[in-house]
Protein chains: 2
Amino acid sequence: MLTLQNAGISKTSQRLAVLNILLKATKPLSVSTIRQSIEKEADIDKVTVYRILSLFRKRGIIRKIASAGGANYFEIATLENPLHPHFSCRNCGALTCLAPLPFTKAPELILSKDDYSIDHIEINISGLCACCRNTAKTKTSLHQREE
Amino acid sequence: MLTLQNAGISKTSQRLAVLNILLKATKPLSVSTIRQSIEKEADIDKVTVYRILSLFRKRGIIRKIASAGGANYFEIATLENPLHPHFSCRNCGALTCLAPLPFTKAPELILSKDDYSIDHIEINISGLCACCRNTAKTKTSLHQREE
DNA sequence: ATAATTGTTGCAACTCGGTTGCATTTTTGA
DNA sequence: TCAAAAATGCAACCGAGTTGCAACAATTAT
């Protein structure tokens, strides 16, 4: 089970609130959505939310999803919720989760998903380029950069 | 050959400048990069750049690539430059183009690309969700939304 | 218990990407 | 040549995200 304790994060009411929102969510949430959801229970500054999300990401318990709209979205990253593609609607902007799938099944997805009309498939692979990997061995600044 | 004329776009010096920058580029460019490149030749307002890029996208001659850093990137979309995955470096943020590939080859990419260290693969499929497709048939506002 | 240190939050101010409204200029076309 | 339409520039604005600093825990050492 995913708790702050076994993620090695000291327990505060704000962190608990953010974690619970994300655990309850069925799709990735933006920071503004997270804050609005918490507002009913507690009060929390937006900076604190960003810091908590950054911490959660460093501990590997959440994932960040980039959207073309500018805002980032966050979702729980556990074994029960493995990496999976997302569908973002061009019209309403909603971001929903698709079933996790091996890459060989990607063409099937494109052909079979007839409740979506797909007009753009974006594959973003992130990591470290050759240039940065080389300089990484000497520099220490590598793992400090967020995104 | 890709010109403003056969894209059905009336010719202005600003549009020509933006198009030429994109044609010369070997990787997707951000708006700020585009402006800096043009600065040497002409002077152009950032709003104008956004409007030109929006127009180009409506005409289908460029593609937009979302990055986790918030900014969007743009590249020429011709038959000679088909849709392809991009690699974004977590450290320096650079966005580079990968070879276009059929989806069945995706696993090979992951295994063979050893000059990159991959820590996150993002598949973003965008289009129209079932909900919006239904309302689309009655509403006219559908194709007006950018994104 | 108290003082010192460390971690966490909140506030204000700021940066950056992108948009909107409007006035001005340029282009088009009768 | 003159009016209408299109394109640009400017200012002001918005939302996402960051930074610096003060205030406030919470912890640890003395």
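Owing to the predicted nature of the structure, the values given are computational and were not obtained by experimental measurement. Chain identifiers are assigned alphabetically (A, B, ...) following the order of the sequence lines, protein sequences preceding nucleic acid strands; residue numbering begins at 1 within each chain.
The shortest distance between the side-chain N/O atoms of A/R15 and the OP1/OP2 oxygens of C/dT8 is below 4.0 Å. Distances shown here put every side-chain N or O of B/N72 at or beyond 4.0 Å from the OP1 or OP2 atom of C/dG17. Contact annotation: B/T12 side-chain N/O to D/dA7 OP1/OP2 distance is not under 4.0 Å.
The listed nucleotides are C/dG18, C/dT8, D/dA11; the one nearest the side chain of B/V47 is D/dA11. Out of C/dG10, D/dC10, D/dT18, the shortest distance to the side chain of A/K46 is found at D/dT18.
Checked by distance alone, A/R51 brings a side-chain donor or acceptor within 3.5 Å of a matching partner on the base of C/dG10.
A donor-acceptor pair shorter than 3.5 Å can be found between the side chains of A/N6 and A/T3. At a cut-off of 3.5 Å, with distance as the only test, a side-chain donor of B/S10 or B/R15 sits close to an acceptor on the other residue.
We find that OH of B/Y50 is positioned 13 Å from C1' of D/dG15, with the value rounded to whole Å. To the nearest angstrom, P of C/dT28 lies 14 Å from CD1 of B/I9. Going from atom CG of B/L53 over to atom P of C/dG17 covers 14 Å, rounded to whole Å. Distance, B/I44 CD1 to C/dT25 P: 18 Å, rounded to whole Å. In this structure, A/R35 places its CZ atom 12 Å from P of D/dG17, rounding to the nearest Å.
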